[in-house]
Each structure stands twice: as C-alpha cells, then as structure tokens.
Amino acid sequence: MNGAVTARDLLDLGTRRLADAGVENARRESEWIAGHVLGLSRSALYAAPERRLDIGDVQAAEALLVRREAREPLAYVLGEWGFRRLTLKTDARALVPRPETEIVVERVLALLQETEAPRVLDIGVGSGAIALSVKDERPDAKVTAVDVSTDALSLARENAARLGLEVELREQGVDAAGEGWDLVVSNPPYVDTLDGLQPELGFEPERALIGDGFHELIARTARTRFLVLEVGDGQAGPVAATLELAGYGDVTITCDLADVERVVEGSR
Ligand SMILES: C[S@@+](CC[C@H](N)C(=O)[O-])C[C@H]1O[C@@H](n2cnc3c(N)ncnc32)[C@H](O)[C@@H]1O
C-alpha cells in the first residue's frame, strides 16, 4: 500500500487480498482489521470512507494483513477477541475462544442457578474464557481453573488481571477434578488430527486441540454435583453414555448455534 490511502481503499484492498488467501469472510475480516487499525466501529468506518490513513496506519494495516494472509487466526492478529461479555487478550499461548464454547458457559450458569457461592473447577483454562466468564456472570462463585500449559496459564492470568476478575489459577491436570466441587466444567482437547482442517488451527497450541479420552477421564475422576463437557462433532452420544456409566443422572445434550450437539452435562 502506498500513496494517499483512504478507509475505503483499505477495506477494498484487504477484502481482495484476504479472499485471494482463501479467507472465507474476507470482507468482514477486512472490516475488522481496518476498524482495529483506525480505532473505529464498523458503522463509523462506513460513515467515513474518505478518511485518509497516515503512514503509521498504513504500516499497521499492512502488518496485520500479511499475518492474516498467512492464515494466522484473526483473533491472534487483532490480539483480542470477544467472548460472552468479555474482551479477552488472545495470542498463540492458548486456543482462540470459540463461539460454541459460550453455550458451555450458558449451561454452567443454568445448572448453578440454585447453588449459592458455588465451587467451580474449569479443567484446561486456556485464555480463561470459561472460568473468567463464569466469575463475571456469577460473582459469588469460587472459581478455580487448571491447565498443564504454563503459557496458557500466563495468558489466563493476564486476562484475569486486565478484567479484575478473581479466579484461582493452578498448574495442574485432570486430578484436580477429584478434590470435590459443585461443578466441574471442561472444554478438553478433543480433535484426533489436524489433517484436512483449516490452516488456522496450525497456529494454535497442539495440546489445546489434539486429545483423546479426556471426557471419560474427567467423568471418572470428578467428585462433583454437576459436570459440563464440550464435545467434538459426533462425540456427544458416546460421551453421554460414558457419563451414564459413570453414575451421572439427568444426562443432557445441548446443541450449539449451528445445531451441532456440542455440550454434554450430567449430575449426581
Ligand atoms: C480446547 S482448549 C480449551 C481452552 C479454553 N478453556 C477454551 O474453552 O477456550 C484445552 C486446554 O486444555 C489444556 N490441557 C491439555 N491437556 C491437559 C491436561 N492433561 N490437564 C489439564 N489441561 C490440559 C490445554 O493446554 C488447553 O489450554
């Protein structure tokens, strides 16, 4: 990019370049990048299409576009991402919080309606999406979150501090589930291979994505009244059966907004 560049030029150029790179929602993502660089909302961006970019804006936009053209996830490129009511810092230390995981939090809040000051454990905290949202939306909850990744824990810690949310963060694995809780929640690694999946996944920590047998291990280990697990495509039925075998009742499957069976819960 050079010469006198306007907001409209940036939007159009970004759309073309991202589409050429195979990004699905190229126009929308170009809007995100332009809005981020110029500090404008989408509507403000379209209200000022002739706004000139200064050289710093052009360089910043170029740097972000190059990263996104390489198919780095938009959330890492922008450095922050919305999840429920929170804006979380996002980078390659942890998984990008997904919209479907917002339904996991929805189920946690519904199950805890009748429990005062619930003790909640989140296994595999990542950026802090689930644990921090539960604390944000149920301030009386005592939330503990564990992860085996020190990188993820450092990002979750930064997010907790930025948002002023008090959550206990520990470097620990699934064994924490055995300590006794009102509710255990987890979005564990549940993908078997990244082959054939979108290139963005290659930028995320492998051990946040690839995993096998976590749902069963958590269900068997947990000492808890309620258990809420996010599952991958096609896993809901087998995981629900696992919960029943492990002695949970009221086993329920909830779909995400794309109508995919995404959350399995039970109680005992
Ligand atoms: C799918 S990510 C979920 C991150 C976050 N909770 C979210 O929903 O965005 C799974 C997380 O589990 C962590 N993890 C992997 N193996 C683990 C283990 N054995 N015990 C605890 N956490 C683990 C990974 O480091 C990663 O942060």
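These numbers come from a predicted model, not from an experiment. As the structure lists them, so they are numbered: ligands from 1, and atoms in each ligand from 1.
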Minimum-distance protein heavy atom relative to atom 23 (C) of ligand 1 | V148 CG2, 3.6 Å

re atom 1 (C) of ligand 1, the protein heavy-atom contact at minimum distance is A208 O, 2.9 Å

Sub-4.0 Å atoms of ligand 1 with respect to non-hydrogen atoms of G173 = 20 (N), 21 (C)

Working to the nearest 0.5 Å, report the span between OG of S30 and CG of L18.
-> 6.0 Å

Should the pair E29-R16 be classified as a salt bridge under the 4.0 Å nitrogen-to-oxygen rule?
-> no

Does ligand 1 have a heavy atom under 4.0 Å from the side chain of Y190, from its backbone, from both, or from neither?
-> neither

Working for salt bridge (Lys or Arg N to Asp or Glu O under 4.0 Å), residues R119 and D182 = CA-CA 5 Å; R119 289 160 306 128; D182 291 310; 3.5 Å; yes

Just distances here: any N/O of D147 and N/O of ligand 1 closer than 3.5 Å?
-> yes

Starting from atom 19 (N) of ligand 1, locate the nearest protein heavy atom and write down its residue, its atom name and how far away it is, to 0.1 Å.
-> F214 CE2, 3.4 Å

Looking only at protein heavy atoms, what sits closest to atom 8 (O) of ligand 1 is N187 ND2, 2.9 Å

Hey, does S127 sit under 4.0 Å from ligand 1 if you only count heavy atoms?
-> no

For atom CZ of R52, decide whether the heavy atoms of other residues, nucleotides or ligands shown that lie under 6.0 angstrom number more than 12.
-> no

How long is the gap from CZ on R67 to CZ on F203, to the nearest 0.5 Å?
-> 9.0 Å

Given that the side chain starts at C-beta and the backbone is N, CA, C, O, which of these parts of L95 lies under 4.0 Å from ligand 1, counting heavy atoms, or is it both or neither?
-> side chain

Would you call Q172 a ligand 1 contact, heavy-atom distance under 4.0 Å?
-> yes

Quick one: pull up NZ in K89 and CG in L78 and give me the separation to the nearest 0.5 Å.
-> 14.0 Å

Go through ligand 1 atom by atom and flag the ones less than 4.0 Å from a non-hydrogen atom of S149.
-> 25 (O)

CG of D91 to CD of E72: how many Å apart, nearest 0.5 Å?
-> 9.5 Å

For ligand 1, the portion of E230 having any non-hydrogen atom under 4.0 Å away = neither

One finds that the ligand 1 atoms under 4.0 Å from a non-hydrogen atom of R207 are 15 (C), 24 (C)

Proximity to ligand 1 by part of V125, non-hydrogen separation under 4.0 Å = backbone

Could you walk me through whether L132 and L86 pass the side chain to side chain contact (heavy atoms under 4.5 Å, CB included) test, one step at a time?
-> CA-CA 8 Å; L132 294 173; L86 307 179; 3.8 Å; yes

For the residue pair E230 and T101, confirm or rule out a side-chain donor-acceptor distance under 3.5 Å.
-> yes

Taking only heavy atoms of G124 into account, list the atoms of ligand 1 that are under 4.0 Å away from them.
-> 3 (C), 4 (C), 5 (C), 6 (N), 11 (C), 12 (O), 13 (C), 22 (N)

Nearest 0.5 Å please: distance from the CZ atom of R220 over to the NE2 atom of H215.
-> 13.5 Å

For T101, take its heavy atoms, then give the atoms of ligand 1 lying under 4.0 Å from any of them.
-> 8 (O)

